[in-house]
Protein chains: 2
Amino acid sequence: MARGSTRPTSRDVAEAAGVSQAAVSLVLGDKWRGRVSAATAERVRDAAQELGYRPNLAARNLRLGRTRTVLLVVPALTTEFFAGVYTGAARVAAQHGFGVVLYPSPEGIGPARDPFGSAQAALDGVIASSMAADALTAIRGDQLPLVMLDSDPAGSQGAATVNLDIADGVRQITAHLLELGHRRFLHLAADIPSWTFEVRAREIASCLCEIPGTSLRVARAPISFEDALAAAQTALTAPGPRPTAVICDDDKLAAGAYKAARRLGLRIPEDISITGLDDLALARALDPELTTVRLDAERFGEQGMKALLAVLDGRTPPQEDIPVELVVRGSTAPPAP
Amino acid sequence: MARGSTRPTSRDVAEAAGVSQAAVSLVLGDKWRGRVSAATAERVRDAAQELGYRPNLAARNLRLGRTRTVLLVVPALTTEFFAGVYTGAARVAAQHGFGVVLYPSPEGIGPARDPFGSAQAALDGVIASSMAADALTAIRGDQLPLVMLDSDPAGSQGAATVNLDIADGVRQITAHLLELGHRRFLHLAADIPSWTFEVRAREIASCLCEIPGTSLRVARAPISFEDALAAAQTALTAPGPRPTAVICDDDKLAAGAYKAARRLGLRIPEDISITGLDDLALARALDPELTTVRLDAERFGEQGMKALLAVLDGRTPPQEDIPVELVVRGSTAPPAP
DNA sequence: ACGTTCAAGTGTTACGTATAACGCCTCCTT
DNA sequence: AAGGAGGCGTTATACGTAACACTTGAACGT
C-alpha cells in the first residue's frame, strides 16, 4: 500500500510555481485571459504536470454546487438493450464533461427504491427508464431535473420524456403480417406493467380491429426464455384454429416462441411466422433469422442525455419520438393456404 | 425548474431541532451512543425527516478524504457478460456502502485511455478487466488500489488479480469432445490480444498434444456474428480432412459457427460438434442448444469487488480462481464413423 | 468540602477549490 | 504632472461536513 504520500493539491502546485493558489486555479481553469501573464501560466502548468496534480473533485463539487454527474436508472443491465442505452448516454455526457452513474433497479422493470443511496455520487439530474410511479415521485421529491425514457408522456407529471416510436414499429410489424395474408394472430406479451408494453398491446389491437376477419389471442410471460417457451406452447395448443403468426413483445420472447413452435413440430416460417422487437444480436443468431423491429438503443440513450442537458440549461427539450425500423428476415412468410 | 430553494443542510436541521450542527452530525452518523440523549437524537432525526435533509456527498467526501466509490473498467458493456460483472460488483459494493461507476473502454477490449476524466467521480479504487499494459500503468501511476480481472497474474505488477478458471473450463470442453471420439479440431479463436484468450489457445493445444492422432486448426475472428461466420466457413472448407468439432472462444463466435455449418450443409451435432464459452442467454436460444462452459459473471464481479474491499482494508485478497462449469447440451455428439 | 467522573452537549477547525474583491505597478493620455 | 486604465496578481472567503477539544452541570465517593 504505497499511498502514504497524500495527493498534491493546488496549493502544492502554487508553491512549486511560486504563485498563489488562486493563480493556479485561474490558470488550470482556463480563466486567466487578462489576469495572469502567459509566462506565469506556463510555469503553473509545468508545475502541475511535474507534480502530477489532479484536482480534488469533491472539493470542486462542493465549491461549485454541482457535480456534472447524472444518474441513469435502468430496469436491468444484463441485456444488450439497456447496455446500449447507457453507452449512448455516456458518450453524449462525456462530450459535455458529464459522467453517468448507473442505478440498475434490482427488481427488474418496475419500482426502484432508493436510487440515491446506491450511487455515492451527488447528482445534477436523472434519466429514468420504464419506472413505476412511486419511484418517479421519490425522485421528483428531490427536485432533481428528470428525463423519463419510454414512459407515458401524459403521466410524467411534467418531466421531459424521450420515447422510441414503438407504436409505429408495432404498426409496421402488424401491417407486414397482414400484407403477407395472416389473419389469426398470437400476441406473446411481456408480463410487466410498463407503458412501453401497454403501447404494444394497444396498437396491435387497434390495427387488427380495422380489418374484418382477423382474430387475436394474447399470452403473457415474463421476459425469460423458459417462461416464453411455456406460454407460447400453451397458447399455440389451445382449442380453436391455431394462429399463423406470433407477434412477440421482444426478441427474447421470440426465441422462446421459436422453441415452442419446434416442439409442436411447426416449421418457421412455413407453418408459422414469428416476429420480435429490439433487434438484439440474438435476432440474427436464430435460425431462420428473426423478422423484428430495430430499436436504436444507443441513439435512445443519446437523446435522453441530450434532453437532460437541455433541461439543465433551462431550454425545453425536443419532444420527438425516435424512429424505429422494420427489419424483415426469414421468420415471416405467407401462411399456408 | 423549481430548484430555487436550496437544499437543507445539517445546519438547517440543527436549527430546527434546537441543537448544534455537531450534534446533528453525531446523530445522523450514528455515533451518539454516549454523547447525546436518546430524546435529543429523536428530535434531530425528526427534524431531518421533516426537512427532507440529505447530506451533501461532496462535502462529506471532501471532509473524509474518500468517496466510497470505485471504478469498474470494462471492455464493453453491450454484452451480457460484463453487464453481469457490473451487477455483481455493484451488489457487493452496495452492501458495504460503496458505489460503482463504469468506464467502458471505448476501443473495445484493449487499451483504455483516461479512465478518470470520463467519470466525474473521485475514486477510492479501480477494478479493471482485460486491459492492456499501458492503461494499467496509467492507473497505477495514480497509486489507486487496483484489482485486475482475468489478467495474467505474473504480469500484473503486484496488483491483485481475480480470475475465472478458464483453463479448467477449456480442459473440460476438450476432454468432453475427446471422450466423444473427436480427433480433428477447429479452434475458432477471438482475435483480441488478451490474456484470457491466450489461455484458451494454450490450454487447447496442450490438451491435444497429449493425445496422439489429433489435429488442430485455428481460425481467428473478432467477436462478431459476421466475422465469426466468415472465419468459420473459410476454416471448414480449407483443404484437408474437415474438423469434426469446433471449439469457440465464446458463445457469440459459436453462433457464427452454427450458421457457417448450416451454409455448408452440415448438421449439428451429427456432422459437426460445436462448443462455446460463457453460457449467455444465446446458448439456449440456438438450435440445438449449445454445449458450453458456464462463467458466473455476477460472481466474478462480486469476487472482484470483494478483493478490492480487502485491498482497501489493508488485507491481502484471496487468490483463488473462480470455478466454472461444463454444460453439455445438444450441440455435441460423437463424430460420424 | 472537595476532587473526580460522567453525560450531554457546543465551538471551532480543516478538507481543497473557485471566485469576488482588492492592491500595486507601469504606461498612456491630456 | 496628475489622473486613469490596464496588466498581473494576491487575499480572503464560502461551500457542508466530521471530528477534535472543550465546557457545563450534576452525581458520587471519601
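These numbers come from a predicted model, not from an experiment.
- Surrounding CD of A/Gln21 are more than 12 heavy atoms belonging to other residues, nucleotides or ligands, all under 6.0 Å away.
- Side-chain N/O atoms of A/Arg35 and base N/O atoms of D/dG9 include a donor-acceptor pair closer than 3.5 Å.
- In this structure, A/Pro55 and B/Ala23 both approach DNA chain C, and ranking their closest nucleotides by distance from the 5' end singles out B/Ala23.
- The number of heavy-atom neighbours closer than 6.0 Å to CD of A/Glu50, taken from other residues, nucleotides and ligands shown, is 12 or below.
- Regarding B/Leu64, its CG atom lies at a distance of 19 Å from the P atom of D/dC15, rounded to whole Å.
- Regarding B/Leu57, its CG atom lies at a distance of 14 Å from the P atom of D/dG16, rounded to whole Å.
- Not a single donor-acceptor pair under 3.5 Å links the side chain of B/Ser194 to the backbone N or O of B/Ile192.
- For the pair B/Arg60 CZ and D/dT17 C1', the interatomic distance rounds to 8 Å; values are reported in whole Å.
- Between B/Arg54 atom CZ and D/dC15 atom P there is a gap of 22 Å when expressed in whole angstrom units.
- Using a 4.0 Å cut-off between a side-chain N of Lys or Arg and a carboxylate O of Asp or Glu, A/Arg299 and A/Glu302 do not qualify as a salt bridge.
- If you check D/dT17, C/dT17, C/dT19 against the side chain of B/Asn56, the one that comes closest is D/dT17.
- Between A/Arg66 atom CZ and D/dA14 atom C1' the separation is 16 Å, expressed in whole Å.
- Between B/Leu26 atom CG and D/dA21 atom C1' there is a gap of 13 Å when expressed in whole angstrom units.
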